[in-house]
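Take a look at the structure set out below.
Letters A, B, ... mirror the listed sequences (proteins, then strands); counts begin at 1. Computed from a predicted structure; not experimentally measured.
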Protein chains: 2
Amino acid sequence: MAELSTPTARGPYRNGIKRRQQVVESASNVFAEFGYSGGSIRTIAARVGISPATLIQHFGSKEGLLEAVLEDWTNQSAVHFPDDMHGLAYFDGARRVMDFHLKHRGLIELFLTMTAEASSPVHPARNFIQRRYTDTYEGFVRHLREARESGEVHLGEDEIAYEARLLMAVMDGLELQWLIDPSVDLAGLFNRCLDECIRRWTMPSDR
Amino acid sequence: MAELSTPTARGPYRNGIKRRQQVVESASNVFAEFGYSGGSIRTIAARVGISPATLIQHFGSKEGLLEAVLEDWTNQSAVHFPDDMHGLAYFDGARRVMDFHLKHRGLIELFLTMTAEASSPVHPARNFIQRRYTDTYEGFVRHLREARESGEVHLGEDEIAYEARLLMAVMDGLELQWLIDPSVDLAGLFNRCLDECIRRWTMPSDR
DNA sequence: GTCTATAAGAAGATAGAC
DNA sequence: GTCTATCTTCTTATAGAC
């Protein structure tokens with residue numbers, strides 16, 4: 001019984017866990033490449049060298065696999081957005097998020113494909129994506145308010161809402177252009193935009 | 001023979017043309033809703049009340065139908081972007097583009113879904129989308145240069161490139177947020193952003 | 001845990017009648 | 001021009017052997 005309590009590197013679930021992670025990564029790539037509808041269980045299974053049946057055995061259904069992919073993606077993203085930083089420093093940390101995205105193209109491909117697909121109310125990832133956007137927006141607003149209270153920036157309440165939405169839009173929009181044409185200088189454009197945002201936010205009597 | 005030369009409202013192709021347009025509109029909606037992979041010939045045909053076989057007869061293949069959809073979409077978009085305006089007035093006309101998008105949600109859903117899907121090199125709409133982005137970017141740059149030459153704005157060459165990319169990003173990004181959450185005030189946010197862009201561009205010795 | 005075999009259905013596309 | 005019927009292939013998912 002003791003061996004069964006916690007799966008470890010030597011424990012009984014070692015292979016299962018490793019395999020599961022392999023499948024999730026394969027699925028992320030395939031969904032990023034072909035979308036959720038276009039990416040088939042067969043393709044995903046073939047890339048890790050297992051049968052479609054084994055894959056289904058692990059995740060129950062294609063939708064179960066999607067949930068695992070989205071969960072994994074949240075974890076990967078969360079690691080690289082600064083949760084310990086506050087106020088303006090939080091937005092300065094967004095540069096590192098972009099650097100991370102640049103090095104993990106598949107991750108952002110997955111996210112934007114899912115987001116566009118999930119504009120349909122029947123898409124299985126719709127709730128997840130909606131929540132994700134709400135969380136990001138509220139996070140931006142919260143940190144801008146913090147920055148205002150500490151005197152770092154000078155923004156009214158409606159300006160905070162506007163700037164939060166705009167920054168989100170710029171991030172998504174630049175990433176979209178970069179996906180279509182990888183020669184677009186994503187990091188350069190975003191850093192410049194962030195510089196000007198911060199400059200604008202910190203200017204006294206801005207508007 | 002005379003009756004066959006040009007299809008008119010009374011000509012022999014009248015029904016065919018009307019039917020064809022119906023199918024293209026249905027396909028636009030279905031592709032917008034489920035993406036290209038997820039949208040099936042069967043669904044598209046059912047919505048216009050014809051058989052899948054008839055649809056294929058008209059367009060040859062699913063990819064042929066996609067081409068017709070993209071062509072139609074270009075025509076619809078082109079009508080509402082001001083080709084007769086130049087310099088700053090051109091960007092002011094972008095407000096009307098947004099108003100048009102707001103009233104034709106399916107069109108923008110189609111565009112953004114296609115764009116995200118087409119980040120994959122094997123997607124049949126990839127070339128089309130790439131060209132579309134290039135054209136838009138070059139259009140923005142051209143009109144900003146015109147505005148500089150006529151003394152309307154004060155921007156360096158690299159600032160023009162930056163502002164063009166950023167405005168494109170804001171449009172796509174705000175539209176994406178609006179698709180996910182229709183309560184987002186797309187027109188309001190964009191108009192405010194455009195106001196500030198124009199204000200920034202027209203400021204002497206901006207940077 | 002993983003496989004083969006297979007069910008049950010939907011996909012794109014074709015043939016030929018009307 | 002549109003249909004029904006059908007082909008082939010591919011889809012997700014299950015059953016049961018090893």
Side-chain angles (χ1 to χ4, degrees), chain A residues 3-4 7-28 30-31 33-69 117 120 122-125, chain B residues 3-4 7-31 33-70 117 120 122-125:
Chain A
E3 292 93 352
L4 290 172
T8 69
R10 288 168 52 122
Y13 295 156
R14 201 195 62 200
N15 276 340
I17 287 173
K18 190 178 170 186
R19 181 66 86 197
R20 188 187 162 92
Q21 186 55 28
Q22 283 180 327
V23 173
V24 167
E25 278 169 28
S26 170
S28 298
V30 172
F31 287 159
E33 212 168 316
F34 304 102
Y36 177 67
S37 318
S40 73
I41 301 273
R42 288 178 125 80
T43 307
I44 295 163
R47 288 199 186 178
V48 266
I50 62 170
S51 71
T54 304
L55 195 157
I56 291 287
Q57 198 73 10
H58 274 310
F59 298 93
S61 67
K62 194 186 183 183
E63 213 166 310
L65 175 59
L66 175 62
E67 278 173 37
V69 165
E117 273 192 338
S120 162
V122 299
H123 195 282
Chain B
E3 293 92 354
L4 290 171
T8 68
R10 287 168 54 119
Y13 294 156
R14 200 194 65 201
N15 275 341
I17 287 173
K18 190 178 171 186
R19 182 65 88 195
R20 188 187 162 91
Q21 186 56 27
Q22 284 181 328
V23 172
V24 167
E25 278 169 29
S26 170
S28 298
N29 293 333
V30 172
F31 287 159
E33 212 168 318
F34 304 102
Y36 177 66
S37 318
S40 73
I41 301 272
R42 291 181 131 82
T43 306
I44 295 164
R47 287 199 187 177
V48 261
I50 62 170
S51 72
T54 304
L55 195 157
I56 291 287
Q57 198 73 11
H58 274 310
F59 297 93
S61 67
K62 195 186 183 183
E63 214 166 308
L65 175 58
L66 175 62
E67 278 172 37
V69 165
L70 294 177
E117 273 191 336
S120 163
V122 298
H123 195 281

Q. Starting at NZ of A:Lys62 and ending at C1' of C:dA10, how long is that distance when rounded to a whole Å?
A. 13 Å

(Q) In the structure I gave you, are the side-chain heavy atoms of B:Ser40 and B:Thr43 within less than 4.5 Å of one another anywhere? (A) yes

Q. About how many Å separate NE2 of B:His123 and OG of B:Ser37, when rounded to the nearest 0.5 Å?
A. 5.5 Å

Q: Give me the residues of residues 51-60 of chain A where at least one heavy atom lies under 4.0 Å from an atom of DNA chain C, by number, or none.
A: A:Ser51, A:Ala53, A:Thr54, A:Gln57, A:His58

Q | Residue of the set B:Glu25, B:Arg19, B:Lys18, B:Arg20 for which side-chain hydrogen bond (donor to acceptor under 3.5 Å, both in side chains) holds with B:Gln22 | A | B:Arg19

Q. Got A:Tyr36 and A:Glu63 here, is their nearest side-chain heavy-atom distance under 4.5 Å?
A. yes

Q: Using whole Å, report how far CD of A:Glu63 lies from P of D:dT12.
A: 12 Å

Q: Specify the residues of residues 38-49 of chain B, ordered by number, for which at least one heavy atom lies under 4.0 angstrom from an atom of DNA chain C.
A: B:Gly39, B:Ser40, B:Ile41, B:Arg42

Q: Report yes if the side chains of A:Phe59 and A:Leu66 come closer than 4.5 Å at any heavy-atom pair, otherwise no.
A: no

Q. To the nearest 0.5 Å, how far apart are CD in A:Gln21 and CD1 in A:Ile17?
A. 10.0 Å

Q: Locate the shortest heavy-atom distance separating A:Val23 from A:Ile50; write the atom from each residue and the value.
A: CG2-CD1, 4.0 Å

**Q.** Distance, nearest 0.5 Å, that separates CD1 of B:Ile56 from CG of B:Leu65
**A.** 8.0 Å

**Q.** Closest contact, heavy atoms only, B:Gly39 versus B:Lys62
**A.** O-NZ, 3.0 Å

Q | Axis bend over the full length of the helix from C:dG1-D:dC18 to C:dC18-D:dG1, computed from five pairs that close each end, to 10 degrees | A | 0°

Q) When rounded to the nearest 0.5 angstrom, what is the spacing between CD1 in A:Ile41 and OG in A:Ser61? A) 7.5 Å

Q: Quick one: closest heavy-atom pair of A:Val48 and A:Ser26, and the distance?
A: CG1-CB, 4.2 Å

**Q.** Gap between atoms CD1 and C1', on A:Ile50 and C:dC3 respectively (whole Å)
**A.** 11 Å

Q | side-chain N/O A:Arg20 vs C:dG1 OP1/OP2, d < 4.0 Å | A | no

(Q) Rounding to an integer number of Å, can you tell me how far A:Phe34 CZ sits from D:dT11 C1'? (A) 15 Å

